[in-house]
Q: 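Would you mind keeping the following structure in view while I ask a few things?
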Amino acid sequence: MIRHAESGEFLGLGGFHDVQSQTPELGIWIREDRHGVGYGKDAVTAIANWASSNFDFEHFIYPVAIENHASCRIAESLNGIAMYCTQKQKYKAVTYFIAKNKQD
């Protein structure tokens, strides 16, 4: 669950799925009335940092609707590379590969 650090207000949900695979999946959902503030990027970055420190895997996958430009920008801000497109039931999706964060 994603909450505002000061007020505790519910902002959305973050996900880290298929944790035992070599390509676990990152995902988020942010309340529509809180879009454009940077909460999604902060959440995905925090999950990626935590997962990179606590799990052994090859890289993340991050599927998003092609029309969801904000989520595409999140993946690209993490140096994600668009690898392939698929047709979902309601939309076309692009799947990004995002490298695991290097640990010291």
Q: Run Ile47 and Leu26 through side chain to side chain contact (heavy atoms under 4.5 Å, CB included) and show every step you take.
A: CA-CA 8 Å; Ile47 294 167; Leu26 296 170; 3.6 Å; yes

Q: Quick one: does Arg3's side chain get under 4.5 Å of Leu11's, heavy atoms only?
A: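 Not touching, per the 4.5 Å side-chain cut-off.
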
Q: Taking a hydrophobic cluster as the set of Ile, Leu, Val, Met, Phe, Trp and Tyr residues connected by side-chain heavy atoms closer than 4.5 Å, whether directly or through intermediates, do Ile28 and Met1 fall within one such cluster?
A: no

Q: Can you give the donor-acceptor pairs under 3.5 Å from side chains of residues 61-80 to other protein atoms, not counting sequence neighbours?
A:
from  : atom 1 : to    : atom 2 : distance (Å)
Asn68 : OD1    : Ser71 : N      : 3.1
Asn68 : ND2    : Ser71 : OG     : 3.3
Glu76 : OE2    : Tyr96 : OH     : 2.9
Ser77 : OG     : Ile74 : O      : 2.7

Q: Could you state the interatomic distance from CD1 (Ile81) to NE2 (His59), rounded to the nearest 0.5 Å?
A: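 If I round to the nearest 0.5 Å, the distance is 9.5 Å.
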
Q: For residues 86-98, pull every pair meeting salt bridge (charged side-chain N to carboxylate O under 4.0 Å, His left out), keeping only residues two or more places apart or in separate chains.
A: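 Not a single pair qualifies under salt bridge (charged side-chain N to carboxylate O under 4.0 Å, His left out).
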
Q: With sequence neighbours left out, write down each residue that passes ring-ring contact (aromatic ring centres under 6.0 Å, His included) with Tyr39, or none if nothing qualifies.
A: none

Q: Once ring-ring contact (aromatic ring centres under 6.0 Å, His included) is applied, do any residues pair with Phe55, and if so which ones, sequence neighbours excluded?
A: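 In terms of ring-ring contact (aromatic ring centres under 6.0 Å, His included), with neighbours along the sequence ignored, Phe55 is linked to Phe16, Trp50.
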
Q: Do Lys100 and Phe60 meet the cation-pi criteria used here (NZ or CZ under 6.0 Å from the six-membered ring centre, within 45° of the axis)?
A: no

Q: Under the ring-ring contact (aromatic ring centres under 6.0 Å, His included) rule, collect the residues that match up with His4, sequence neighbours excluded.
A: none

Q: Counting N and O atoms only, with roles assigned by atom type, does the side chain of His35 sit under 3.5 Å from a partner on the main chain of Ile30, one being a donor and the other an acceptor?
A: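 Present.
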
Q: Sequence neighbours left out, what pairs pass salt bridge (charged side-chain N to carboxylate O under 4.0 Å, His left out) with at least one residue falling in residues 22-33?
A: Glu9-Arg31, Arg31-Asp33

Q: Going hydrophobic residue to hydrophobic residue with side-chain gaps under 4.5 angstrom, can you get from Val19 over to Ile98?
A: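 Yes; tracing contacts between hydrophobic side chains, which count when under 4.5 Å, links both residues.
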
